[in-house]
Structure formats: structure tokens, C-alpha cells
Amino acid sequence: MVFCEIYILGDGMNGFNQLSEYAEVDVEKRRQIELLMRQTMVSARLANIQDNEKYMARYAEVDEFMNFEDSSVLQSDHVKVCPECGRHFSREENFCPECLTSLKCISHKPSIRNITTKPHITCSGSGEAENILSNESIRKINDFRFTMDDFNMIARSIKAQAFEYMDRLIRDNSIDLDDLDILDKVLLFAKSFVSVEYKSYGRDLGYFEFNRIFIDDRQTKSLQITTIIHELTHFLLKEILVHVVCRILDVSKNKHVEAAVTYILTSSILNRLIDEYAAHSVEGRFTIFGYQDYSSFIALQDEIDEEHVEIAKTIANTFSIHIKKLLEGFLDWDLREEIKEQFLSDTLERPDYSQLAFESCSRLSDEGFLKAIWLILSEGFKDIDADVLDSYVKEL
């Protein structure tokens, strides 16, 4: 059992700077990245992706098969449905007169996109935390009676609850996972943790806001997959810290705790950098080599000193290692192969291995990781604006 022995590291950024003494280098990861970035390997991979036309044709056939309508359904009297109100119509009808919407043929495959979910991952405690900014709450956060055993129990609890919810979704909607394409599998998995909605405007591929993921469906399937994983990571990092606070304060999860953690992650540039880098790192784990993307992290890093960027990456990489383990319970080797295949089917652009230079090969020891969590929370609770916190509570 690893316990974080608390002592004064310093105020603000100085405390985070001293975390570097707990950093460990993943030598094997660094070696692999260096190899991948050599020009000879880049050229070889480009040739492999560009010239293998039979490989690309194979997945075009697979995509055509997956979109094929079940002939037994087409033989029934009511073979069309309104996507708005759900009313069924005969094959001769083309529009719903009430909704003025084009009808869709009924498929034997359930529409994962149209399944609405509101999962609620709980965390039980003996009290409530409505006065999250009380002196007693802040004292307990600063004392930080928390261990790695506690952290591992939290990760397992979040994972177990999501899997239980996904199992209910599968049963209630008569879903056969083997019949789903990889995008629907990832989407169903994400919906077991958090609500997923769609947007059709703006430049962002997606975003996470107040326990909802928003995805732009104008993207290719492969980019929708990695966007979902990226935004799901934002949710999971937030959710982990919510459970940490609940455990320390011995309270049940509620909007006040969630609002406090949301404030802490969004109001500090260092915490935003940690949150963004972790999301990119986890996303990159499930992305084919050469299509990793650290764009939103790159946009943020210029707002902070270089030495703080490096410690933020180390903290974030340590979070990402734990989140990857959580996700790999479902996104196993077979599904990662399906994601690769979807990328090869969708992608016309050449891979760009330069983004691999942003991958961190440094992680914190267990003791250093606990100190990092303590610093994020203790520094964050000192500066919470009560009015902003109240507005967050109303949004949740």
C-alpha cells in the first residue's frame, strides 16, 4: 500500500516543480518512438498504406456489407420508420406527415446513435457535501488521507459500474455486439459512462461539457472514434478526481463535488494542460501510428513556462496510463485492430509521424502521483470562486 506522506512542497507552481524528482522514464516507449520517427520507417509505412489497393478494397466491401438491410425485415408490412417520432409506415410511404421528415428503412441492427443514455456513476459516503468550501472540507483536502489502494478501488468501481450499465443497454435493446461496426461499439461503450450528443457546427471535432460529450458526425468514422475516446478521457479524469474528493471527505457524489472538480480542471492553465494532454495521450493509444494529434495541447502550451509544460505532461501521462488500462477492459486487442482497419478504410492523407515527438516517456512513481493529485486539489480548492461554482451546479 502506497500512502502519500504530505509535507509542504511550496506554493503554487513551485510545488508542482518538485514533482520532477518522482518522475521515471519509460525507456522502451522512448526507444519505439525514436524508431518510428526515422525517415526510413516513415517511407516504408507510407508505401504500405498507399500501394496496398487490395487491402483498401477489402474494407470497402466490409462497409458495404455492414450497411445491407435485412431481407426478412423488408418483407414485412411496415418497413419504414420516422426517425423523429418513431411511427412505422409501409414501404410505399416516403415522408412522415406530422414531422415532415424522410422515412428510413427499418434495419435489423439497432441504432446505437439513437439510444439515449444517462448513466450515473455513484460514489457513496456517510454525508453530503453541499458546503464544499467549508473550512472542514478544505482541511480534509489538505490532510489528504488517501492511498494508491484507494485510487485503484476508485478506478475499478468506475469501470465496474460502466460495464454493468452497458450490459443493461445490450439486454434492453437486444444488441448483438458482433453485429455492430467499430464506431457503434465505441459509441455504445462511451454511452455506458456518459451522455453522447451530436453537433453540426463549429470547428471543434468534439468537446466535453458538464457530463456530456458532443461529437461532430461530419467526420469520418475513424475520426469520430478517436474523438469519442478523447472526450471520454476528459470525463474519466474528471470522474476520478470527483471520486477522490468524495473518498477524502467521506461524502456521496453530488453536483457540488462535481462542480468543484470541474472548476479546478478548467480555471487553472496547468490543470487544463494536464487534462488536455491526458486526453491526447489516451486517444493516441487507440489511433493508428502517424495519425496522433496533439493540436489542442500545442495551442495551450505557449500560455505556460516550458518547465511547467514538462511536469504537466508527466502528470498527465501518469493519469493516461491508468485511464488506458480502464478503457482496455473493453477496447481490447481485437477492437483496436478494428479501429486500425477503419482508419485504413477512411484515410486518404499521408501519416505524419512528427506528432509522436509530443508523446511523453516520463511517468510519476506512485508516491509522486499521489502528491500530484494532492497538489491539484489543494491548490484548486484555495481559489474556487463561489459564484462560478454555483453557476456550475446549475449546469449539471
Side-chain angles (χ1 to χ4, degrees), residues 55-74 76 79-81 83 86 88 104-119 159-199 205-206 212-233 235-236 282-283 285-288 291 324 326-347:
Y55 191 70
M56 299 290 284
R58 172 191 169 195
Y59 292 107
E61 293 173 0
V62 170
D63 187 61
E64 181 180 354
F65 172 78
M66 292 299 291
N67 289 318
F68 183 75
E69 298 289 351
D70 186 355
S71 59
S72 64
V73 175
L74 294 177
S76 66
V79 296
K80 292 184 178 179
V81 65
H88 287 201
K104 302 296 182 183
C105 289
I106 298 174
S107 169
H108 68 294
K109 295 185 297 181
S111 172
I112 305 303
R113 172 174 175 148
N114 292 335
I115 296 175
T116 301
T117 67
K118 291 186 178 180
K159 183 177 179 179
Q161 290 184 63
F163 269 49
E164 182 180 356
Y165 191 85
M166 184 168 69
D167 190 56
R168 291 204 304 271
L169 286 177
I170 292 171
R171 294 174 185 274
D172 293 346
N173 295 278
S174 301
I175 296 169
D176 185 343
L177 281 176
D178 291 335
D179 281 346
L180 302 180
D181 67 10
I182 185 58
L183 173 57
D184 277 347
K185 289 175 183 176
V186 173
L187 180 58
L188 180 67
F189 181 56
K191 286 190 171 188
S192 304
F193 289 92
V194 65
S195 296
V196 180
E197 301 179 23
Y198 288 85
K199 70 182 193 69
L205 300 180
R212 291 182 296 171
I213 288 175
F214 293 85
I215 304 299
D216 196 323
D217 59 3
R218 295 173 293 178
Q219 307 174 67
T220 61
K221 286 186 177 182
S222 54
L223 287 180
Q224 287 184 62
I225 289 168
T226 53
T227 301
I228 289 170
I229 293 171
H230 181 104
E231 303 308 330
L232 180 58
T233 302
F235 166 78
L236 287 171
V282 174
E283 171 195 342
R285 174 68 180 92
F286 302 96
T287 305
I288 193 169
Y291 297 95
K324 288 171 195 174
L326 191 156
L327 296 183
E328 286 171 352
F330 178 74
L331 298 174
D332 58 14
W333 193 90
D334 290 336
L335 293 194
R336 293 199 296 276
E337 284 298 305
E338 289 187 41
I339 293 173
K340 292 178 186 177
E341 293 166 2
Q342 188 64 58
F343 261 94
L344 291 172
S345 177
D346 289 342
T347 302

Sidechain N-carboxylate O distance under 4.0 Å for R113, D184: no
Value rounded to 0.5 Å, distance of CG in L326 from CG in L236: 6.0 Å
Minimum heavy-atom distance between Y165 and K191, given as atom pair plus value: CE2-O, 3.8 Å
Within 6.0 angstrom of E328 CD, more than 12 heavy atoms from elsewhere: yes
Heavy-atom pair of closest approach, residues T117 and V194: OG1-O, 3.9 Å
Shortest non-hydrogen contact between Q224 and D216, atoms and distance: CG-O, 3.9 Å
Selection residues 174-193 - residue pairs positive for ring-ring contact (aromatic ring centres under 6.0 Å, His included), sequence neighbours left out: F189-F193, F189-F330
Side chain to side chain contact (heavy atoms under 4.5 Å, CB included) between I339 and I288, intermediate numbers included: CA-CA 8 Å; I339 293 173; I288 193 169; over 6 Å; no
Reported CD1-to-OG1 distance for the pair I215 and T227, which is rounded to 0.5 angstrom: 5.5 Å
Carboxylate-amine/guanidinium proximity below 4.0 Å for D181 and K221: yes
K185: salt bridge (charged side-chain N to carboxylate O under 4.0 Å, His left out) partners, not counting sequence neighbours: E338
Separation of I229 CD1 from L331 CG (nearest 0.5 Å): 5.5 Å
Gap separating the CD atom of E197 from the CG atom of D217, nearest 0.5 angstrom: 12.5 Å
Pairwise distance OG1(T287) to NE2(H230) - rounded to 0.5 angstrom: 10.5 Å
Atom of L232, atom of A190 and distance for their closest heavy-atom approach: CD2-CA, 4.2 Å
Any donor-acceptor N/O pair, N173 side chain to I175 backbone, under 3.5 Å: no
Side-chain donor-acceptor pair present, T233, E283, cut-off under 3.5 Å: no
Side chain proximity check, L223 to D346, heavy atoms < 4.5 angstrom: no
Donor-acceptor under 3.5 Å (S192 side chain, L188 main chain): yes
Side chain to side chain contact (heavy atoms under 4.5 Å, CB included) between I228 and L183, worked out: CA-CA 9 Å; I228 289 170; L183 173 57; 4.1 Å; yes
Side chain to side chain donor-acceptor pair (under 3.5 Å) partners of E231, counting only residues at least two apart: none
From F286 atom CZ to S222 atom OG, the distance as rounded to the nearest 0.5 Å: 15.5 Å
Minimum side-chain heavy-atom gap Y291-F343 below 4.5 Å: yes
Minimum-distance pair of heavy atoms, taken over all atoms of S195 and P119: N-CD, 4.2 Å
Atom NZ of K199: over 12 foreign heavy atoms under 6.0 Å: yes
